[in-house]
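Data block below; observations after.
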Amino acid sequence: MQRRIENLSLFVLIGLVALRPLVGESYDPAGNTLTEALGVVSDPKPLTTLVFDVLVLGSTCGWLVARAIGSPRLYRRTGLEWGAALVAIAAVVSCFFAGNKRLAINATIDWLCLLLLTITLVQLLREPWQRRVLLAAVLASACVEAAQCVEQFFSFNETWAHYQSIKTDFWARQGVELDSSKVELFEQRMRAREATGFLPHSNVAGSYLVLCFFAGLGLIATQWRSLRQSGNALIAFLCTVCTALMLVGVVLTKSLGALLSGVTGLVLWIIARRFGRWINAHRASTW
């Protein structure tokens, strides 16, 4: 029973990790966003965030129940415990002084559930196959994000034509004059053809894809290294194609910050691999 409850909680959290970047969210129930004015994409409501948070809390409760009724398991320290406590204290203070308390409470619960999700995942990921399932879900989510970026890039002309056809009404709903600097900035960003995928900004999409790209590189190295034992070249080839698709998505976002962060991370990893022994022997000097 303990293992079944833990696996159920784990699969729910893995599903959330995969779906969360692909679903629009909003903490504010009364926000009149640009997506709503477009008339094509429905404005996300706080109910979406609430469902995510309830599932996180339910999975954490499931893990606690399994821990109570089954054999005792060693708690794995994540390093997030003190940080979560500080965030909780800061959240209470900020909600007390916030002008829009409902919006502050909605956002606070979501941030705390994000930390709770991470801590709970660390406790549930105890076997190699569980880690592989989580990694596969993350890479699948990133591939969907990258595919959306590709679709946005090649459908830009249709999107621009649609915007021009509803431009006057579009900005009238926002209460913005057509000669406003906000209109000019919005159109400059559209003409830049920066793909955003399912995320609200190209830098956010690029950063997410860079993060998943490194996970894909690790999976590629593992699959090709174990190819002689497993003999499953198809899986290794598919992992390579999916990782290449993520790189294409990063390029289409045109996020310089994401590219620089990726290059910086790669350089630091090479340094750590090349000089790992010296770093471990001279930790104080390295720091």
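What you see is a predicted model; the values in this text were computed from it and never measured. Note that these values count all heavy atoms, side chains included, but never hydrogens, waters or copies made by symmetry.
Between the Arg73 side chain and the Arg67 main chain, no donor and acceptor come within less than 3.5 Å of each other. Formation of a donor-acceptor pair under 3.5 Å by the Gln164 side chain with backbone atoms of His162 is not found in this model. Within the 3.5 Å criterion, the main-chain N or O of Gly197 finds a donor-acceptor partner in the side chain of Gln152. Distance alone, capped at 3.5 Å, places no donor-acceptor pair between the Glu184 side chain and the Asp179 backbone.
For Arg283, the CZ atom sits in a loose shell: 12 or fewer heavy atoms of surrounding residues, nucleotides or ligands are nearer than 6.0 Å. Counting heavy atoms of neighbouring residues, nucleotides and ligands inside a 6.0 Å radius, atom CZ of Phe237 does not exceed 12 of them. No more than 12 heavy-atom neighbours from other residues, nucleotides or ligands sit within 6.0 angstrom of CD on Glu177.
Taking SG of Cys149 as the start and CG of Leu245 as the end, the distance is 9.0 Å to the nearest 0.5 Å. Here Ile5 contributes atom CD1 and Ile69 contributes atom CD1; the two are 4.0 Å apart, rounded to the nearest 0.5 Å. Atoms CG and CD1, from Leu114 and Ile119 in turn, are 10.0 Å apart once rounded to the nearest 0.5 Å. Here the CG atom belonging to Leu19 is positioned 11.0 Å from the CZ atom belonging to Phe198, to the nearest 0.5 angstrom. Here the CG atom belonging to Leu185 is positioned 9.5 Å from the OG atom belonging to Ser180, to the nearest 0.5 angstrom. Interatomic distance, Ser141 OG to Leu16 CG, rounded to the nearest 0.5 Å: 11.5 Å.
Residues Leu209 and Val150 do not share a hydrophobic cluster, defined by chaining ILVMFWY side chains whose heavy atoms lie under 4.5 Å apart.
In this structure, Arg193 and Asn157 approach most closely via the heavy-atom pair NH1-OD1, 4.3 Å. Smallest separation of non-hydrogen atoms from Val138 and Cys212: CG1-SG, 3.7 Å. Here the shortest heavy-atom pairing between Leu139 and Met246 reads CD2-CE, 3.5 Å. The shortest non-hydrogen separation linking Leu219 to Cys239 is CD2-SG, 3.5 Å. Closest approach of Ile235 to Gln223, counting heavy atoms only: CG2-OE1, 3.6 Å. Of all the heavy atoms in Ala195 and Ala205, the pair that sits closest is O-CB, 4.5 Å.
In this structure, the side chains of Phe97 and Val93 come closer than 4.5 Å at one or more pairs of heavy atoms. Side-chain contact between Ser9 and Leu124: present, with at least one pair of heavy atoms (C-beta onward) separated by less than 4.5 Å.
Salt bridge absent: Glu6 and Arg126 never bring a charged side-chain N and a carboxylate O closer than 4.0 Å.
For residues 256-287, every residue pair satisfying the ring-ring contact (aromatic ring centres under 6.0 Å, His included) rule, not counting sequence neighbours, is listed here: Trp278-His282. Legend: side chain to side chain donor-acceptor pair (under 3.5 Å) pairs involving residues 82-99, not counting sequence neighbours: none detected. Applying the side chain to side chain donor-acceptor pair (under 3.5 Å) test to every pair with at least one member in residues 233-262, sequence neighbours left out, gives these pairs: Asn203-Ser255, Trp224-Thr240.
Ring geometry, Tyr75 versus Trp63: the interplanar angle falls from 30° to 60°, so the pair is classed tilted.
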CA sep, side-chain torsions, deciding dist, call: Asn106, Asp53, side-chain contact (heavy atoms from CB on, under 4.5 Å): CA-CA 10 Å; Asn106 289 348; Asp53 295 339; over 6 Å; no
